[in-house]
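What follows is one structure encoded as structure tokens, with my remarks underneath.
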Amino acid sequence: IYTITNGIIHGSVLINDDGKIAAVGEVSLPEGVLVIDGQEKVLMPGIIDAHSHVGIMEEGRGWEGNDVNEAVDPITPHIRALDGINPEDEGIKEALAGGITAACVLPGSANVIGGEGVIVRMHGRCVEEMVIKESIGLKVAFGENPKRVYSGQKKSPSTRMATAALLRENLVKADNYRNKLRKGQVDPEKAPERDLRLESLVKVLNKEIPLRAHAHRMDDIMTAIRIAEEFDLDIVIEHCTDGHKIADILAKKNIKAIVGPTLSTRSKVELKDRSFDTLVTLWKAGVLFSITMDHPVIHLENLPVAAALAVKAGLPEEEALKALTINPAKILGIDDAYGSIEVGKVADLVLWNKNPLEISSIVEKVFINGELVYNNK
């Protein structure tokens with residue numbers, strides 16, 4: 001049993017009828033319980049990807065299944081990934097078969113402000129049966145993507161300066177709106193009309209949700225942090241390709257990072273220094289990080305492969321496994337219930353035939369909420 005937080009142990013895991021873990025280790029099994037033989041196998045927590053577009057950028061459906069970017073307006077904070085997820089996306093089914101039990105689904109990075117993300121489990125008939133946490137952050141983007149999309153439309157932003165300016169401008173609008181809301185609580189006649197765009201930004205200002213900042217290049221990462229500090233916001237850096245160059249700064253400022261997809265090619269300029277060494281450097285500096293596939297850029301089921309390549313680059317195996325489980329759970333704020341095998345946590349579990357970081361490993365069974373939802377043996 002790879003508990004993740006309490007080392008590797010031998011024994012059993014007892015799951016309650018409510019889908020929670022009741023006991024771990026030397027367990028006395030009650031009479032009449034269903035017993036699944038895992039001898040000579042490896043049981044670990046379900047893998048979590050803290051940054052994906054699974055379900056909203058569907059596989060094999062071309063433009064019709066592409067709901068990841070509303071790329072006609074650079075400011076769309078009111079958009080929710082929740083409203084675009086197709087539970088029948090083949091990517092979800094294949095992710096589950098690869099041992100991935102949950103993913104944070106975010107809008108894409110075409111817009112300066114792209115919308116709100118959601119955490120979903122990789123099983124359910126409809127999105128309501130999949131949701132773990134409905135609002136998990138507001139996606140914003142720096143660097144090449146907004147520049148490329150909107151300069152082509154002869155709109156702003158066409159520079160990094162304008163990207164930063166547009167984000168600041170809308171945070172100020174949201175702060176003014178928040179002040180009006182406060183006045184409206186005292187005097188209802190002074191309450192403003194509802195503004196869905198500004199409501200999402202107010203959640204960020206109130207630290208109810210963080211900024212989820214797409215930033216590859218070092219200067220873009222620092223701009224994201226600079227704006228977060230100006231407005232006293234919580235922030236998570238998405239991709240963090242150049243994170244190794246400023247690992248000490250990220251650690252000092254306690255900035256969390258979701259790194260990847262390092263399995264990808266250098267498909268654009270800001271990926272010039274893409275390397276698995278980034279993960280090693282961040283770990284040595286003490287930065288809390290997880291690994292992403294940025295699905296469908298790289299398929300979700302390849303998360304263990306990326307972790308194995310990080311081990312090859314020098315990341316300890318224990319840390320690589322944390323980057324697939326407890327670290328993304330911490331970054332997403334769900335580590336009280338997910339990311340490790342501990343009593344009281346949700347029984348999202350994966351049974352492998354051997355070490356999951358070996359490329360030839362096979363997922364045999366997957367449990368979500370204690371229910372066997374995938375059975376390969």
Side-chain angles (χ1 to χ4, degrees), residues 51-53 56-58 62-84 105-117 135 137-178 192-205 209-228 230-231 233 235-242 266-272 294 296-297:
H51 174 118
S52 83
H53 311 294
I56 60 171
M57 198 167 184
E58 301 169 47
W63 70 268
E64 201 285 327
N66 185 351
D67 292 300
V68 74
N69 282 304
E70 186 69 13
V72 295
D73 183 344
I75 308 298
T76 58
H78 56 312
I79 284 175
R80 304 188 307 165
L82 173 70
D83 297 322
V105 182
L106 294 163
S109 51
N111 294 347
V112 176
I113 306 176
E116 293 185 30
S135 181
L138 184 65
K139 181 72 176 293
V140 296
F142 297 83
E144 292 182 28
N145 288 11
K147 285 180 55 176
R148 182 185 68 252
V149 170
Y150 290 100
S151 62
Q153 297 181 31
K154 306 300 181 184
K155 294 180 182 178
S156 184
S158 63
T159 65
R160 282 177 164 84
M161 295 179 292
T163 295
L166 281 169
L167 179 55
R168 284 191 179 96
E169 178 184 351
N170 282 274
L171 286 168
V172 169
K173 286 180 182 178
D175 193 28
N176 293 337
Y177 179 72
R178 180 172 62 170
E193 291 186 6
R194 282 192 70 184
D195 188 319
L196 293 179
R197 294 175 185 246
L198 296 178
E199 280 184 11
S200 291
L201 284 162
V202 166
K203 286 194 276 187
V204 175
L205 291 172
I209 58 174
L211 278 185
R212 301 288 300 274
H214 166 108
H216 286 279
R217 219 168 73 176
M218 177 180 63
D219 55 333
D220 292 325
I221 296 170
M222 293 308 300
T223 297
I225 294 171
R226 186 182 316 119
I227 292 173
E230 287 174 18
F231 289 87
L233 312 175
I235 188 169
V236 178
I237 302 299
E238 315 285 321
H239 305 302
C240 202
T241 302
D242 279 1
R266 295 177 177 86
S267 56
K268 51 185 179 178
V269 176
E270 60 191 13
L271 301 182
K272 175 176 66 71
D294 197 17
V297 177

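A heavy-atom distance below 4.5 Å is found between the side chains of Glu116 and Lys203. Looking only at side-chain heavy atoms (C-beta outward), Leu233 and Leu171 come within less than 4.5 Å of each other. Proximity of Lys139 to Ile79: side-chain heavy atoms (C-beta onward) are nowhere separated by under 4.5 Å. In this structure, His53 and Pro296 have side chains that are in contact, with non-hydrogen atoms separated by less than 4.5 Å. Taking the side chain as every heavy atom from C-beta outward, Ile221 and Phe142 never approach each other to under 4.5 Å. At a threshold of 4.5 Å between non-hydrogen side-chain atoms, the residues Arg160 and Asp219 count as touching. At a threshold of 4.5 Å between non-hydrogen side-chain atoms, the residues Val105 and Ser52 count as touching. Contact annotation: the side chain of Asn69 never approaches that of Val149 to less than 4.5 Å [non-hydrogen atoms, C-beta and beyond].
With hydrogens and angles ignored, the 3.5 Å screen pairs no side-chain donor or acceptor of Thr159 with any backbone N or O of Lys147. No donor-acceptor pair under 3.5 Å is formed between the side chain of Asp73 and the backbone N or O of Thr76.
We find the CG-CG distance between Leu138 and Leu211 to be 6.0 Å, quoted to the nearest 0.5 Å. Here CG of Asp67 is found 6.5 Å from CD of Glu58. Values are rounded to the nearest 0.5 Å. The line from CD1 of Ile227 to CE of Met222 is 12.0 Å long, rounded to the nearest 0.5 Å. For the atom pair OH (Tyr177) and CD (Glu193), the distance works out to 9.5 Å, reported to the nearest 0.5 Å. Between atom CG of residue Asn176 and atom CG of residue Leu198 there is a gap of 9.0 Å, rounded to the nearest 0.5 Å. With rounding to the nearest 0.5 angstrom, the CD atom of Glu199 is 5.5 Å from the CG atom of Leu196.
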Note to self: Is there a side chain to side chain contact (heavy atoms under 4.5 Å, CB included) between Glu169 and Val172? Walk through the geometry before answering.
What the structure shows: CA-CA 5 Å; Glu169 178 184 351; Val172 169; 5.9 Å; no

Check: Passes side chain to side chain contact (heavy atoms under 4.5 Å, CB included), Arg217 versus Thr241? Steps please.
Finding: CA-CA 6 Å; Arg217 219 168 73 176; Thr241 302; over 6 Å; no

Next item on the list: Step by step, work out the side chain to side chain donor-acceptor pair (under 3.5 Å) result for His216 and Asp242.
Entry: CA-CA 6 Å; His216 286 279; Asp242 279 1; over 6 Å; no

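In terms of heavy-atom proximity, Leu106 sits nearest to Val68 at O-CG2, 4.2 Å. The two residues Leu201 and Asn170 make their nearest non-hydrogen contact at CD1-O, 3.6 Å. Contact detail for Pro77 and Ser200: the closest heavy-atom pair is O-OG, 3.1 Å. Nearest heavy-atom pair across Ser156 and Pro74 is O-CG, 3.6 Å. Residues Asp220 and Glu270 share a closest heavy-atom pair of OD2-OE1, 4.1 Å. Between Ile235 and Ala224 the shortest heavy-atom distance is CD1-O, 3.4 Å.
A 6.0 Å sphere centred on NZ of Lys272 holds no more than 12 heavy atoms belonging to other residues, nucleotides or ligands.
Tested against Tyr150 for a side-chain hydrogen bond (donor to acceptor under 3.5 Å, both in side chains), the candidates Asn111, Asn145, Thr163 yield a single pass: Asn111.
Note on ring orientation: taking the six-membered ring where Trp is involved, the planes of His239 and His214 are perpendicular (angle over 60°, cut-offs 30° and 60°).
Ion pairing of Arg212 with Glu238 is present here, as a side-chain N (NZ or NE/NH1/NH2) and a carboxylate O approach within less than 4.0 Å.
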